[in-house]
Amino acid sequence: MAVESAGASVAERVRAVVEAHRDERGALLPILHGIQAEFGYIDPEVVPILAAELNLSRADVHGVVTFYSDFRSEPAGAATVRLCRAEACQSVGAEKLVADAEQVFGVKLGQTTPDGSVTLQQVFCLGNCALGPAAQINGRMYGRLDRTRLVEILAKGAEA
């Protein structure tokens, strides 16, 4: 999304999101969510713009972006798979599901496949404890997953 290559358009779009939330208490989080909704991720190149607009340091903005797992600094894959690794899911096979997913897609948690088809992420509770191991795929909750079912869901093009 390079700010320089896109000229003022990216900066203007970022500033428009800032203006929509500037007067809110704790505006940085809603602004970051707005930027991610607008662009699909938060490019590190917009951090200086946000810092200047909100009178924050770049380190403050960067710290918030990197602290919260919902914010991405790179585009996500066509399918986002969030695998639950909380204790309830671990007790019924979540760690095996994570290992299987990493093997099937050839990437580790937090990475996107080279073809951009799948991003694997981890979460520590989806609130679907009775149906573990659980995952959220493109915003939709799935339970009682194993390697085969996960691959089948993605092959069918999991609907959000």
Side-chain angles (χ1 to χ4, degrees), residues 1-6 9-10 13-14 17 21 26 28-51 58-160:
M1 165 185 12
V3 174
E4 290 177 24
S5 66
S9 64
V10 170
R13 290 166 61 193
V14 167
V17 173
H21 299 283
L28 181 57
L29 284 175
I31 288 168
L32 291 172
H33 282 288
I35 289 171
Q36 186 155 294
E38 176 83 15
F39 298 105
Y41 66 108
I42 301 169
D43 191 306
E45 292 185 33
V46 304
V47 169
I49 297 168
L50 292 175
R58 292 177 184 191
D60 286 338
V61 176
H62 174 76
V64 172
V65 171
T66 57
F67 178 79
Y68 291 102
S69 61
D70 283 344
F71 296 129
R72 294 183 298 274
S73 59
E74 298 176 349
T80 300
V81 179
R82 300 175 72 202
L83 300 168
C84 181
R85 298 186 71 195
E87 290 80 3
C89 283
Q90 283 184 30
S91 71
V92 291
E95 294 308 308
K96 180 170 179 4
L97 181 62
V98 167
D100 287 345
E102 288 179 338
Q103 183 182 28
V104 166
F105 300 112
V107 295
K108 298 285 184 194
L109 292 173
Q111 297 179 335
T112 300
T113 57
D115 67 357
S117 62
V118 176
T119 296
L120 287 181
Q121 297 177 322
Q122 67 180 348
V123 295
F124 290 94
C125 194
L126 289 167
N128 200 21
C129 303
L131 298 175
Q136 187 180 53
I137 303 171
N138 288 343
R140 185 169 179 188
M141 191 72 66
Y142 293 89
R144 297 193 175 115
L145 288 174
D146 60 18
R147 177 186 191 126
T148 303
R149 186 150 181 259
L150 178 63
V151 171
E152 286 173 358
I153 291 166
L154 288 167
K156 290 179 184 176
E159 294 110 22

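Here, residue 1 is the first one in the sequence, and each next residue gets the next number.
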About how many Å separate [atom2] of [Y] and [atom1] of [X], when rounded to the nearest 0.5 Å?
X: Glu87; Y: Phe124; atom1: CD; atom2: CZ; answer: 9.0 Å
X: Leu145; Y: Cys84; atom1: CG; atom2: SG; answer: 10.5 Å
X: Ile31; Y: His21; atom1: CD1; atom2: NE2; answer: 6.5 Å
X: Thr113; Y: Leu120; atom1: OG1; atom2: CG; answer: 8.5 Å
X: Tyr142; Y: Arg149; atom1: OH; atom2: CZ; answer: 8.0 Å
X: Glu45; Y: Ser73; atom1: CD; atom2: OG; answer: 12.0 Å

Original post:
Looking at Thr119, Asp70, Ile137, Asn138, which one forms a side chain to side chain contact (heavy atoms under 4.5 Å, CB included) with Arg82?
Top reply: Asp70
Which heavy atom of [X] sits nearest to which heavy atom of [Y], and what is that distance?
X: Pro75; Y: Thr112; result: O-OG1, 4.0 Å
X: Leu97; Y: Arg147; result: CD1-N, 4.0 Å
X: Ala130; Y: Arg144; result: O-NH2, 4.1 Å
X: Leu83; Y: Ala135; result: CD2-CB, 3.8 Å
X: Cys89; Y: Gly132; result: SG-CA, 3.8 Å

Original post:
Taking atom NE2 of His62 as the centre, does the number of heavy atoms from other residues, nucleotides or ligands within less than 6.0 Å exceed 12?
Top reply: no
Original post:
Is it the case that more than 12 heavy atoms not belonging to Glu74 sit under 6.0 Å from its CD atom?
Top reply: no
Taking the side chain as every heavy atom from C-beta outward, state whether [X] and [Y] have any atom pair closer than 4.5 Å.
X: Gln111; Y: Phe105; answer: no
X: Ile35; Y: Leu50; answer: yes
X: Phe71; Y: Leu29; answer: yes

Original post:
Passes side chain to side chain contact (heavy atoms under 4.5 Å, CB included), Asp100 versus Val151? Steps please.
Top reply: CA-CA 10 Å; Asp100 287 345; Val151 171; over 6 Å; no
Original post:
Quick one: do Arg72 and Asp43 make a salt bridge, cutoff under 4.0 Å?
Top reply: no
Original post:
So, Glu102 side chain and Ala99 main chain: donor-acceptor pair closer than 3.5 Å or not?
Top reply: no
Subject >> Non-neighbouring partners of Gln90 that pass side chain to side chain donor-acceptor pair (under 3.5 Å), sequence neighbours left out >> reply: none
Original post:
Under the side chain to side chain contact (heavy atoms under 4.5 Å, CB included) criterion, do Val81 and Gln121 qualify, and how do the steps go?
Top reply: CA-CA 6 Å; Val81 179; Gln121 297 177 322; over 6 Å; no
Subject >> Tyr68 and Leu32: CA distance, side-chain angles, deciding distance, side chain to side chain contact (heavy atoms under 4.5 Å, CB included) verdict >> reply: CA-CA 11 Å; Tyr68 291 102; Leu32 291 172; over 6 Å; no
Original post:
Step by step, would you call Met141 with Leu126 a side chain to side chain contact (heavy atoms under 4.5 Å, CB included)?
Top reply: CA-CA 8 Å; Met141 191 72 66; Leu126 289 167; 3.8 Å; yes
